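None of the values given here were measured: they were computed from a predicted structure. Throughout, a chain's letter reflects where its sequence line sits, starting with A, and its residues are numbered from 1. Just the heavy atoms: all of them, side chains too, but no hydrogens, waters or symmetry mates, feed the values below.
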Amino acid sequence: GIQVEQSPPDLILQEGANSTLRCNFSDSVNNLQWFHQNPWGQLINLFYIPSGTKQNGRLSATTVATERYSLLYISSSQTTDSGVYFCAPLVSGSRLTFGEGTQLTVNP
Amino acid sequence: SQTIHQWPATLVQPVGSPLSLECTVEGTSNPNLYWYRQAAGRGLQLLFYSVGIGQISSEVPQNLSASRPQDRQFILSSKKLLLSDSGFYLCAWSVPWQPQHFGDGTRLSIL
């Protein structure tokens, strides 16, 4: 099956800093989702992005499907951005394969 | 709008006891439904998915089973829980070509 690798595994930032999270995948994908898991365990949809770039406020995502990677940009980070960020490519049907995530800590 | 409900939020069960976790979706018809498990650490593992009533696909052989008795109801069960069944269980739904949406999850502890 598809392999999904996220980097870095852990990231600590000061409030206001910018960051880039990366997701590499080993096979062609139909689509890709980015999620934020907050400290209470809730998985929040961030982006559904098969290719190109999308922006939502301080967050944006870019997927380059031909090169098998996706990037999540967080600008002007806030403490509420803390949590785990997952990418999950959609390979067949509606089945997602999750990476191991990036644990983000934003300090005040 | 669509909503997904999972219960209970937390559950503590003894080894060998049965399990039933329920998930329901409102506001959509014939959704795809999914059960995932997240063990201590971070990755989510797909356990079961269903494209319709009575249609269940199992991704990982294990001590668990799933059923879909109604269009928008998905149930995760076990006859006898093992210690290794502990974890965070999440239900999700989607329709074709749209993103998956997750419930708030159930934290299951086995003693």
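For a residue to count as touching a neighbouring chain, one of its non-hydrogen atoms must lie under 4.5 Å from one of that chain's; by this rule A/Gln103 touches chain B with backbone and side chain alike. Within the 4.5 angstrom heavy-atom criterion, only side-chain atoms of A/Asn45, from C-beta onward, approach chain B. Both the backbone and the side chain of B/Leu44 come within less than 4.5 Å of a heavy atom in chain A. Looking at A/Pro9, both its backbone and its side chain come within 4.5 Å of chain B, counting heavy atoms on both sides. Looking at B/Gln45, neither its backbone nor its side chain comes within 4.5 Å of chain A, counting heavy atoms on both sides.
Of all heavy-atom pairs between A/Tyr48 and B/Trp97, the closest is OH-C, 3.1 Å. Of all heavy-atom pairs spanning B/Pro99 and A/Gln33, the tightest one is CB-NE2, 3.3 Å. The shortest heavy-atom contact between A/Phe35 and B/Gln100 is CE2-O, 4.0 Å.
Under the 4.5 Å side-chain criterion, counting only non-hydrogen atoms from C-beta, B/Leu46 is not in contact with A/Phe98.
A continuous path of Ile, Leu, Val, Met, Phe, Trp and Tyr side chains, each step under 4.5 Å between heavy atoms, connects B/Leu81 with B/Leu47, placing both in one hydrophobic cluster. Note: the hydrophobic cluster containing B/Leu76 also contains B/Ile56 (ILVMFWY, side chain heavy atoms under 4.5 Å, direct or indirect links). Cluster annotation: B/Phe48 is connected to B/Ile4 through the hydrophobic network of ILVMFWY side chains, with a link wherever side-chain heavy atoms come within less than 4.5 Å. Tracing side-chain contacts under 4.5 Å through hydrophobic residues (I, L, V, M, F, W, Y), one reaches B/Tyr34 starting from A/Leu43; they form part of the same cluster. When the side chains of ILVMFWY residues are joined at heavy-atom separations under 4.5 Å, either directly or via intervening members, A/Leu90 and A/Phe86 end up in a single hydrophobic cluster.
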Note to self: Between B/Phe102 and A/Gln37, does the side-chain contact (heavy atoms from CB on, under 4.5 Å) criterion hold? Intermediate values first, please.
What the structure shows: CA-CA 11 Å; B/Phe102 284 76; A/Gln37 188 169 38; over 6 Å; no
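In A/Glu5, the CD atom is not crowded: 12 or fewer heavy atoms of neighbouring residues, nucleotides or ligands sit closer than 6.0 Å.
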